[in-house]
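Notes follow once the structure below has been shown.
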Amino acid sequence: MQDEQEIIVDIVRNFLGKEKLHYESKGQYSFNCPYCDEGRNKGNLEINVFKHVYKCWSCGDSNDTHGVLGKLIDEFGTKKQKKIYSLFKPKEENKVEPKKPKFKLPEGYTKFKDSNPIYPVYKQAMNYLKERNIGEDIIEKYQIGFCDKGDFMGRIIIPSFDDKGIPNYFIARSWNKTTRAKYKNPQAEKDKIIFNESLIDWEKDIYLCEGVFDSVFLPNSIAMLGKHLSKLLFETLYEKSKSNIIIALDGDAWENAVKLYHELNGGNLFGKIKILKLPEDKDVCNLQGKIDEFYFEVK
Ligand SMILES: [Zn+2]
């Protein structure tokens, strides 16, 4: 490693001169920038031999003096130096950033309408939904299904679709009471999506709730997939929401709800935030439309 480091730094020294500072254990060296230094000896261009990158802290953005080290050596090095460097250059450097694999709903995801009610797995899944008061209208609207094979076997699947109707997430809830992990998450990052954005009407009142199983009982609602608002959801609400936002967290999350209220109550949204405070024996799924009786005024 030491040798490799020394060889690469030597190549750079050949066209940028001696380094101004070095931090060998981190593989970091600073040189005068060939574009913006103009004899001032600032040492603004930094290379990292371990990471194979460089950047001028002064003109990195304006002169595009940043990127993979190979780019700098291509620009200033001799043919021979480029060839030497190519022996050490990380292989990925030549490739374009690999495209993220397309998000897929889980293997075996089956909508109820595409299955047969006499199929035992169908029955188990449907019984679970019935216990939670989830009827056919909700199943249809949210394209709720189940998995009868693969990693998510034995789970109810509620898919999420982005604003263009492309699947981007799902939740997978086990219907087996003895399963230890009630939920199993897909690989995708939940903070990078807005669950079922495809179903949101930004002109109307929007309910914010914790889980998807609450969300299906609230009109025009977004499940935060937790008690906290992601940066993406916060920004999207600010930009798109034209009406009221009603915070509808579980009864045990009152402090989170108040915190959320204060986070949201500003700018375009000022005066439009409400909190739904439910009596302890009530859950959003058994309100049956009488939601606004429970609005709570925050002072
Ligand atoms: Zn520069």
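Computed over heavy atoms, backbone and side chain alike; hydrogens, waters and symmetry mates excluded. Every value quoted in this text rests on a predicted model; they were computed, and no experiment measured them. Quick note: residue numbers are just sequence positions, from 1. Read the numbers this way: they start at 1 and go in the same order the structure lists the ligands and their atoms.
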*Listed partners of R40 passing salt bridge (Lys or Arg N to Asp or Glu O under 4.0 Å), at least two apart*: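 For R40, no residue satisfies salt bridge (Lys or Arg N to Asp or Glu O under 4.0 Å) once neighbours in sequence are set aside.
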
*With no hydrogens and no angle check, do the side chains of N32 and N41 hold a donor and an acceptor under 3.5 Å apart?*
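Yes, side-chain donor-acceptor contact under 3.5 Å.
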
*Will you find, in the side chains of E46 and Y23, an N or O donor that is under 3.5 Å from an N or O acceptor?*
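No pair is found: no donor N or O on one side chain lies under 3.5 Å from an acceptor on the other.
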
_Contacts of the Zn ion (ligand 1) with protein N/O/S atoms, counting only those under 2.8 Å_ =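 Correct list: C33 SG, C36 SG, C56 SG, C59 SG.
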
*By side-chain hydrogen bond (donor to acceptor under 3.5 Å, both in side chains) - contacts of K242 (at least two apart)*: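 side-chain hydrogen bond (donor to acceptor under 3.5 Å, both in side chains) check on K242 returns nothing, list empty.
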
*Applying side-chain hydrogen bond (donor to acceptor under 3.5 Å, both in side chains), name anything that partners W202, two or more places apart in sequence or on another chain.*
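Applying side-chain hydrogen bond (donor to acceptor under 3.5 Å, both in side chains) to W202 gives none.
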
*Within 45° of the axis and under 6.0 Å from the centre of the six-membered ring of Y169, does NZ or CZ of K190 qualify?*
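No; the conditions do not both hold, so K190 does not lie above the ring face of Y169.
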
